[in-house]
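Heads up, the thing below is written out as structure tokens.
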Amino acid sequence: MTAATREILRVTDLKTHFPVRSRGLIPRVIGQVKAVDGISLSLNSSETLGLVGESGSGKTTAARSILRLIRPTAGSIELDGTQIANLSQAALRPIRRKAQMIFQDPYNALNPRHTVGGIISAPFRIQGVEPPGGVKAAVQELMERVGLNPEHYNRYPNEFSGGQRQRIGVARAIALRPMLIVCDEPVSALDVSIQAQIINLLKDLQEEFGIAYLFVAHDLAVVRQISHRVAVMYLGHIVETAPRATIYSAPLHPYTHSLLSAVPVPDPKIQLKRERIVLQGDVPSPIDPPSGCVFRTRCFQAQERCAAEVPQLIEVAPDHKVACHFPITVAEVTARARAAGKIEVPETEVPAPPVSGPHFVEPGPPHA
Amino acid sequence: MINMERAEGRAERSPDREFLSIENLGVTFNTEDGVVRAIDGVSLSLERGKTLAVVGESGSGKSVTAQAIMGLVKSQGGHVTGEIWLDGQELNRLAADEVQALRGSEMAMIFQDPMSSLHPFYRVGDQIVEAILAHRKIGKTAARKETLEMLKHVGIPAAERRIDAYPHQLSGGMRQRVMIGMALINSPQLLIADEPTTALDVTVQAQILDLISTLKQEFGTTVILITHDLGIVADVADQVAVMYGGRLVEVGQTSVIYDQPEMPYTLGLLSSIPRMDRELPKRLDPIRGNPPSPINLPPGCVFQPRCNYSDRVRDGACLSVRPELLPTAPDHLVRCHLPAEERRQISEEVRRILAGAVR
């Protein structure tokens, strides 16, 4: 990171809820999908924050809310010192040149009837920017920068492969030299050999222009390669956040442990010997999230307290925050998995305790 | 156990051929842009009860290979040459209705996207019952009972309730479990899984892969796993076949492919994967360029335009001559012009760099 690092983005207690309406003549709001339910994060220039979680964890909604592609329900979003959470679309337009997005699917993110030149120059047109030397020269320079042949300026997206299309998306995103780029699963639709090319390209651009990335992905191995810090999301909440090295070597939240243990290692010798945590089932519905800790229905050490009391995101070490009543270290998880072959999470839910005043359960060693 | 007797009752019919033996399989499609050779000269064999992983990028021909085995290519206008022997029967010669009878009973397939392979208007239970009734003469009640048992078997919680659910009411992982249950309901000998976990989360991916390996052992099913991800096959497959540009480029036991790969493409794949078990490299080392279009394949080695080592081959053979798939060691085939000695040297170099910092 350069010496001139400064804060680009600060999100505080962001909530994005979608109303669920009843059917019928007069629809009534009968519930809320709490897609994002109070997340806070910050991002400096030249820094990448990896936002990971399963589908349904709310990571994409969070990313889109931060760019104001979806209107958040509550909370604050400060982009380069400007509060943008409540700005009107018209007021947002000049702000948009500071923050751009790269999408997952390079097939749907590009208009098939526009030439590559038209696609990459769209930000200039929309923002009314006249780049020095003219638009065409600027676009061709961008194409060259992202590894495309500038002579292909007049071609259409269908003439390019998936990896090349993603490069077009990247060129469009960096056209206005934004300070923040939100990347929503930018490599998950690409072939393995191409994924690595795009990750390297994003890293090079960050070094060159000092861009901050909010990197949304489900692939933890990819996130490790590019992120400086990682936030783990589950059902609308950030359950753990830490610098990269800490998340991967010393995670504390049971969910982070299970995510890490599910990532396959391309080596039969290692893969066959790994102690694994097998999570049962899927992410519960965000319409009716579990009481207390949202992860407790799939947690291997859920106890009564987890159903009764919402765990707060607490700083346990510098820059390392965990929302869990019973954080567990790698050594403890390994010991447990070794004893049991692998940790299987019981299918049956831990029943919620009867509502009768506050529960005070001392956090002790986890029950095996 | 479901239908164990049926599975065991089948007689061995082919003492001279492996259970599955694909010989010189080729598939071409006529398109507006000319004849597309989707796969060319693919020969593979697989013992009963083993798992073969076919690994490749998009356009490598891995899915077409699977579809050709299942007899699904001809209806798409493809032309299939070569022979496919399954349990002593040659499939390519069979009439469409004969293959239809085998599909679902002798061989079954799981697809990448369980949402589009289940019918959205029918309850999942009814769809499985239909699969049973299509191949066996049993009563509806018995079929439903068997379906319920299978749903429990593939790990669907509250199966009694879920049997009457519509596909959209289930999560992606659960839909994939239903697909697996449907594929296995008639105890097929051969199960082809085409990217079965690509659309799923890592945690669910681990569950589904576990399920496939458990069921494989229980039912004695032979499995072909088609994937682009060398990571997921490490602990599932017995054998790995790497495909590129419609051809097999390296075939071997799983341990050989991971420990002593020789084809520069396999090496490239292994070095492009970001790995969690190793010290973080400053940069990933991807294969340069893009996969070739099957319409316009290079005249020599298909991988040559992306290969870092082709200049080491004399007379520019890589540019003009298609290399053959040749044995380099017992049970290890490689398609490359580089001399074996040099390949091994390169492989060792690359793996030393990769392993530079094993945790």
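Naming: A, B, ... by sequence-line order, numbering from 1 per chain.
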Of all the heavy-atom pairs spanning [X] and [Y], show the shortest one and how long it is.
{"X": "Pro286(B)", "Y": "Asn200(A)", "value": "CD-ND2, 3.4 Å"}
{"X": "Glu57(B)", "Y": "Val192(A)", "value": "OE2-N, 4.4 Å"}
{"X": "Tyr258(B)", "Y": "Pro266(A)", "value": "CD2-O, 3.2 Å"}
{"X": "Ala262(A)", "Y": "Val202(B)", "value": "CB-O, 3.7 Å"}
{"X": "Ser272(B)", "Y": "Ala196(A)", "value": "O-CB, 3.7 Å"}
{"X": "Gly231(B)", "Y": "Pro264(A)", "value": "O-CB, 3.5 Å"}

Output the distance between atom [atom1] ([X]) and atom [atom2] ([Y]), rounded to the nearest 0.5 Å.
{"X": "Gln205(B)", "Y": "Glu54(A)", "atom1": "CD", "atom2": "CD", "answer": "11.5 Å"}
{"X": "Lys203(A)", "Y": "Lys282(B)", "atom1": "NZ", "atom2": "NZ", "answer": "6.0 Å"}
{"X": "Ile194(A)", "Y": "Asn290(B)", "atom1": "CD1", "atom2": "CG", "answer": "4.5 Å"}
{"X": "Tyr248(A)", "Y": "Asp277(B)", "atom1": "OH", "atom2": "CG", "answer": "13.0 Å"}
{"X": "Asp201(B)", "Y": "Asp219(A)", "atom1": "CG", "atom2": "CG", "answer": "11.0 Å"}

Next item on the list: Could you tell me which of Asp259(B), Asp229(B), Leu209(B) has the largest number of non-hydrogen atom pairs under 4.5 Å with chain A?
Entry: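 Of Asp259(B), Asp229(B), Leu209(B), Asp259(B) has the most heavy-atom pairs under 4.5 Å with chain A.
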Note to self: Heavy-atom pairs under 4.5 Å with chain A: which of Ser271(B), Ser293(B), Pro291(B), Gly289(B) has the most?
What the structure shows: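 Ranked by heavy-atom pairs under 4.5 Å with chain A, first place is Gly289(B).
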Item checked: N/O donor-acceptor pair under 3.5 Å between Gln197(A) side chain and Ile287(B) backbone ->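 Side chain of Gln197(A) to backbone of Ile287(B), a donor-acceptor pair under 3.5 Å: yes, one is there.
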Next item on the list: Check each atom of Leu220(A) against the heavy atoms of chain B and say whether the ones under 4.5 Å are side chain, backbone, both or neither.
Entry: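 Both backbone and side chain.
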Is there side-chain contact between [X] and [Y], with at least one heavy-atom pair below 4.5 Å?
{"X": "Pro274(B)", "Y": "Val222(A)", "answer": "yes"}
{"X": "Ile199(A)", "Y": "Arg283(B)", "answer": "no"}
{"X": "Lys269(A)", "Y": "Ser255(B)", "answer": "no"}
{"X": "Leu280(B)", "Y": "Arg244(A)", "answer": "yes"}
{"X": "Asp267(A)", "Y": "Arg275(B)", "answer": "yes"}

Atom [atom1] of [X] with >12 non-hydrogen neighbours under 6.0 angstrom:
{"X": "Glu349(B)", "atom1": "CD", "result": "yes"}
{"X": "Glu208(A)", "atom1": "CD", "result": "yes"}
{"X": "Asn158(A)", "atom1": "CG", "result": "yes"}

Checklist line | Exercise: do Ser193(A) and Arg306(B) side chains pair donor with acceptor under 3.5 Å | finding: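 Side-chain D/A pair, Ser193(A) to Arg306(B): present.
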Check: Looking at Ser55(A), Gly56(A), Gly53(A), which makes the most heavy-atom pairs under 4.5 Å with chain B?
Finding: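 Heavy-atom pairs under 4.5 Å are most numerous for Ser55(A).
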